[in-house]
Amino acid sequence: MKAKKNRGFTLVEVIVVLVIVAILAAVAIPTLLGFVREARRTEYLEEGRAVLTGAETQVLQLCGRDALSDETLGAEDSRRHIVELAGTQGDLQIIRLDEAGGRVGYFEYAVDGVVVVYDASLSKMYIKGEQTPPPAPTLEEQAEKLRLAFESETIMKTVRDYFDSKGSGLNTIDSEGPNIAKTLNGLFAQAGIDLSDTSYRVYQNPGIGGYTLNVADRKLTGELADAGASVTIVQYVYSAGWSAVTSRSKGPATAAMKSVDGVGVPYLVINADQLTPLA
């Protein structure tokens, strides 16, 4: 019997395979590199946010010693201390206060050859060299976005079901809390609401029904709560359910800390007498 000859690949088959591999590589490699770049960009911005938290803590410490100024905040030892507070390894090159002189206004933080910029006038953090982002929404604009999201059917039902499960009394939902807020924050994200620079508090109005929604102009942290920092809020008071907003006001509130199931949670302490009605 004649032995069967082993047939190898022809030149045409090899070329076809190589062309297919080249096409797949041309499509996949740029996509993969894009994912890597975006992941690194997110990492740099997260470091920038940690530096901002450290800088806010340093501002509070300097203010407590009655030594707050652009010079003291921007001094080399102060910048080094801020990076230590942030737990990062980059170089805080420039930092200064805002026009009011009481909060962080601007900084540039370098890491791995990339410069992260925070500009309070834009309420944004971005990578230097990228297109400068448009101005962030004002507190009133951000509060309106949150209000409209809260009044959506899905979030309204989630909030009502949670409060119903708690019974009567002054029950609250805090954006940094371990309770239903995690679910709400996920729903906000799906609705395109950015909560990176704001916090909220919702509570029932015992005895009269309805709810109150409070939206802050900054993200609450443990450091701000421990220092009893002042923030600005917009408050919406609703009649029974979410049927109608009976009042809208704006004013100061205080960051504080409470314990929920053994976990420290920063929250808003509000004095309604200090709020001014909005049109």
Side-chain angles (χ1 to χ4, degrees), residues 42 45-46 49 53 123-125 136-206 208-225 229 231-251 253-270 272 275 278:
T42 300
L45 290 175
E46 285 300 321
R49 291 189 181 96
T53 299
S123 296
K124 282 292 181 182
M125 194 169 295
T138 64
L139 171 58
E140 288 85 350
E141 291 169 340
Q142 179 73 347
E144 279 296 299
K145 288 182 181 179
L146 274 162
R147 179 186 69 81
L148 292 173
F150 262 111
E151 292 176 5
S152 68
E153 183 177 349
T154 301
I155 294 182
M156 185 189 304
K157 183 178 186 306
T158 302
V159 171
R160 280 176 170 161
D161 289 348
Y162 175 76
F163 283 142
D164 287 346
S165 71
K166 292 293 183 179
S168 59
L170 183 58
N171 298 307
T172 62
I173 299 174
D174 297 294
S175 53
E176 277 62 58
N179 50 27
I180 196 67
K182 291 183 177 180
T183 301
L184 290 180
N185 294 346
L187 294 173
F188 283 134
Q190 292 176 20
I193 304 292
D194 182 8
L195 294 175
S196 60
D197 294 318
T198 189
S199 290
Y200 64 83
R201 181 168 226 222
V202 187
Y203 54 81
Q204 288 175 297
N205 300 322
I208 63 173
Y211 306 92
T212 296
L213 167 64
N214 304 281
V215 183
D217 66 340
R218 50 201 303 204
K219 186 79 170 177
L220 297 187
T221 63
E223 290 82 2
L224 293 177
V231 299
T232 303
I233 65 164
V234 168
Q235 181 181 88
Y236 300 92
V237 177
Y238 286 83
S239 57
W242 294 109
S243 57
V245 174
T246 58
S247 69
R248 187 172 76 108
S249 52
K250 180 180 179 181
T254 304
M257 186 72 78
K258 65 179 179 179
S259 178
V260 178
D261 298 330
V263 177
V265 177
Y267 72 103
L268 295 166
V269 177
I270 300 138
L275 303 181
L278 292 172

(message) Looking at Thr198 and Ala216, would you say the former's side chain and the latter's main chain have a donor-acceptor pair under 3.5 Å?
(response) yes
(message) With rounding to the nearest 0.5 angstrom, report the CD1 to CD distance, Ile193 to Gln142.
(response) 6.5 Å
(request) Take atom NZ of Lys182 as the centre, draw a 6.0 Å sphere, and report whether it contains more than 12 heavy atoms from other residues, nucleotides or ligands. (result) no
(message) With a 3.5 Å distance limit and no angle check, can you tell me whether Ser249 reaches the backbone of Leu275 through a side-chain donor-acceptor pair?
(response) no
(message) Assess whether a salt bridge exists between Lys157 and Asp161, defined as any Lys/Arg side-chain N lying under 4.0 Å from an Asp/Glu carboxylate O.
(response) yes
(message) With no hydrogens and no angle check, just 3.5 Å: does a side-chain donor-acceptor pair link Tyr238 and Glu151?
(response) yes
(request) Could you grab the distance from atom NZ of Lys124 to atom CG of Asp197, nearest 0.5 Å is fine? (result) 6.5 Å
(message) For a quick test of reading the model, state the closest non-hydrogen atom pair linking Gly177 to Ala181 and the distance between them.
(response) O-CB, 3.9 Å
(request) Give, for atom CZ of Arg248 and atom CG of Leu278, the distance between the pair rounded to the nearest 0.5 Å. (result) 4.5 Å
(message) Measuring centre to centre across the rings, with the benzene-like ring taken for any Trp, is Tyr211 within less than 6.0 Å of Phe163?
(response) yes
(message) For the CG atom of Leu146 and the CZ atom of Phe188, what is their distance to the nearest 0.5 Å?
(response) 5.0 Å
(message) Could you check whether any side-chain N or O of Asn185 sits under 3.5 Å from a backbone N or O of Ser175, counting only pairs where one atom can act as donor and the other as acceptor?
(response) yes
(request) May I ask you to test the Thr154-Gln190 pair for a side-chain heavy-atom distance under 4.5 Å? (result) no
(request) List the atom of Val265, the atom of Pro178, and the distance in Å for their closest heavy-atom pair. (result) CG2-CD, 3.6 Å
(message) Checking Lys145 now: which residues fulfil salt bridge (Lys or Arg N to Asp or Glu O under 4.0 Å) with it, not counting sequence neighbours?
(response) none
(request) Would you name the heavy atoms of Arg147 and Leu213 that are closest together and state the gap between them? (result) CA-CD2, 3.9 Å
(request) Find the distance between OG1 (Thr158) and CD1 (Ile180) and round it off to the nearest 0.5 Å. (result) 6.0 Å
(request) Mind checking salt bridge (Lys or Arg N to Asp or Glu O under 4.0 Å) for Lys166 and listing every partner two or more places apart, or none if nothing turns up? (result) none
(message) Ring centroids only, cut at 6.0 angstrom: are Phe150 and Tyr200 within range, meaning strictly under it?
(response) yes
(message) Could you measure the distance from the OG1 atom of Thr232 to the CD atom of Glu140? Nearest 0.5 Å is fine.
(response) 9.5 Å
(message) If I compare all heavy atoms of Asn171 with all of Gln204, which pair ends up nearest, and what's the gap?
(response) ND2-OE1, 2.8 Å
(message) On a heavy-atom basis, which atom in Leu139 and which in Ile233 lie closest, and how many Å separate them?
(response) CD2-C, 4.0 Å
(message) Testing the basics here: between Thr212 and Gln235, what is the closest heavy-atom pair and its distance to 0.1 Å?
(response) CG2-CG, 3.5 Å
(request) Assess the side chains of Glu223 and Thr53: does a donor N or O sit below 3.5 Å from an acceptor N or O? (result) no
